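Inspection log for the structure reproduced underneath, given as structure tokens.
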Amino acid sequence: MASTTHLPFSPLLSLSKNPIEKSKTLVYFTRPRISVKTHATGTDLVGDFGARDPFPAEIASNFGDKVLGNVDTEHKILIPTAAALSISQQQCTPISHLQQPMPEDEAKKMLFKVLGWRLIHEEGGIKLQGLWKLRDFKCAVELINRICRVVESTGHFPTLHLEQPNQVRAELWTSSIGGLSMNDFIVAAKIDEIKTSDLVPRKRVWA
């Protein structure tokens with residue numbers, strides 16, 4: 001017995017199951033429709049779509065030893081740790097004035113996790129600095145407003161400078177410890193995610 005169903009073309013195709021008969025489904029791609037032909041192969045529900053418990057004979061055959069894992073494998077849902085998350089998804093934490101600043105070699109490694117930032121030595125400590133060249137004065141002001149909205153909830157704020165008519169300079173450091181902390185890189189990563197494509201100078205296209 002065979003039945004044919006014509007469906008409008010779609011990249012997503014759900015295969016429905018027959019509640020009475022075991023079936024296998026063949027999918028034929030045609031233009032502009034998809035034809036699905038279902039051929040009945042039995043009257044039981046064994047092998048229908050979905051998971052089932054193994055039969056006693058299957059357990060006795062130790063089939064679970066032949067695949068990765070085992071029938072008594074313990075499955076756990078692990079909650080991602082802060083180290084596994086992108087630093088832009090992490091939250092700033094209070095910094096004690098007794099905490100030591102981040103060493104320069106560690107700060108250089110952290111630079112690989114942010115975009116367009118560099119280390120500068122200033123006032124006896126290390127700072128993070130970012131520069132943006134915008135299209136005009138209004139775009140520079142708009143970028144400063146976007147940065148303020150993003151960092152407002154972090155409680156850790158950069159020093160922002162509007163230079164020339166269209167350049168923005170941001171500096172990050174933790175003043176309470178006189179150097180860099182993880183909070184500075186977290187805020188830098190959050191700033192990296194700000195959309196700036198509509199603010200930067202348009203590229204000239206030659207015909």
Side-chain angles (χ1 to χ4, degrees), residues 10-12 68-69 73-207:
S10 171
L12 299 176
L68 185 63
T73 300
E74 181 181 4
H75 298 274
K76 294 182 179 180
I77 299 176
L78 300 178
I79 306 300
T81 62
L85 295 174
S86 166
I87 59 175
S88 65
Q89 297 176 301
Q90 297 181 32
Q91 302 300 319
C92 294
T93 57
I95 301 294
S96 169
H97 68 280
L98 300 176
Q99 180 175 322
Q100 292 297 315
M102 182 181 293
E104 185 173 358
D105 57 344
E106 185 178 345
K108 288 180 178 180
K109 294 178 182 179
M110 290 299 299
L111 279 178
F112 291 103
K113 297 180 180 292
V114 293
L115 301 174
W117 296 83
R118 65 190 183 104
L119 298 179
I120 61 171
H121 293 80
E122 192 174 295
E123 299 178 5
I126 304 175
K127 295 183 178 181
L128 268 179
Q129 185 185 83
L131 288 173
W132 294 267
K133 190 80 169 181
L134 291 311
R135 190 164 61 244
D136 51 36
F137 176 79
K138 288 184 178 180
C139 291
V141 173
E142 174 60 23
L143 176 60
I144 291 177
N145 290 333
R146 293 182 187 183
I147 291 175
C148 291
R149 288 193 292 268
V150 165
V151 305
E152 183 177 5
S153 62
T154 67
H156 191 75
F157 308 102
T159 301
L160 300 173
H161 304 270
L162 179 54
E163 301 175 329
Q164 305 174 5
N166 60 339
Q167 180 171 288
V168 173
R169 174 165 56 95
E171 291 178 353
L172 281 162
W173 78 319
T174 305
S175 58
S176 61
I177 60 175
L180 292 175
S181 68
M182 189 62 185
N183 287 350
D184 299 302
F185 289 93
I186 290 174
V187 172
K190 291 181 183 293
I191 292 175
D192 285 341
E193 295 184 342
I194 296 175
K195 177 185 177 183
T196 59
S197 59
D198 58 328
L199 304 177
V200 297
R202 295 187 178 93
K203 294 182 180 180
R204 181 176 295 179
V205 179
W206 297 96

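Every value quoted in this text rests on a predicted model; they were computed, and no experiment measured them.
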Closest heavy-atom contact between [X] and [Y]?
X: Ser96; Y: Ile177; result: O-CG2, 3.4 Å
X: Leu119; Y: Leu180; result: CD2-CD1, 3.7 Å
X: Val151; Y: His156; result: CB-O, 4.1 Å
X: Trp117; Y: Leu111; result: O-CD2, 3.7 Å
X: Leu199; Y: Lys195; result: CD1-O, 4.4 Å
X: Pro165; Y: Ala140; result: O-CB, 4.3 Å

Quick one: does [X]'s side chain get under 4.5 Å of [Y]'s, heavy atoms only?
X: Asn166; Y: Pro201; value: no
X: Val187; Y: Leu128; value: no
X: Glu193; Y: Val150; value: no
X: Trp132; Y: Ile194; value: no
X: Ile186; Y: Thr154; value: no

What pairs with [X] under side chain to side chain donor-acceptor pair (under 3.5 Å), at least two apart in sequence or on another chain?
X: Lys190; value: none
X: Asn183; value: none
X: Trp173; value: none

[X] side, atom [atom1]; [Y] side, atom [atom2] - distance, nearest 0.5 Å:
X: Ser181; Y: Ile95; atom1: OG; atom2: CD1; value: 4.0 Å
X: Thr196; Y: Ile191; atom1: OG1; atom2: CD1; value: 12.0 Å
X: His161; Y: Leu131; atom1: NE2; atom2: CG; value: 10.0 Å
X: Ser197; Y: Arg202; atom1: OG; atom2: CZ; value: 10.5 Å
X: Ile120; Y: Gln129; atom1: CD1; atom2: CD; value: 4.0 Å

Applying salt bridge (charged side-chain N to carboxylate O under 4.0 Å, His left out) as the test, list every pair that has at least one member in residues 140-149; sequence neighbours left out.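 Residue pairs with at least one partner in residues 140-149: Glu142-Arg146, Glu142-Arg149, Arg146-Asp198.
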
Not counting sequence neighbours, which residues clear salt bridge (Lys or Arg N to Asp or Glu O under 4.0 Å) with Arg169? List them please.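 With neighbours one apart ignored, the set is Glu163, Glu171.
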
Contacts of Arg135 that satisfy salt bridge (Lys or Arg N to Asp or Glu O under 4.0 Å) - sequence neighbours left out: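 With neighbours one apart ignored, the set is empty.
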
Side chain to side chain contact (heavy atoms under 4.5 Å, CB included) partners of Phe137, counting only residues at least two apart: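 Here the qualifying residues are Val141, Leu162.
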
Return a table of donor-acceptor pairs under 3.5 angstrom between the side chains of residues 98-109 and protein atoms on other chains or two or more places apart.
unit_1	atom_1	unit_2	atom_2	d
Glu104	OE1	His121	NE2	3.4
Glu104	OE2	His121	NE2	3.4

Okay, side chain of Asp192, backbone of Val114: is any donor-acceptor separation there less than 3.5 Å?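 It does not hold such a pair.
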
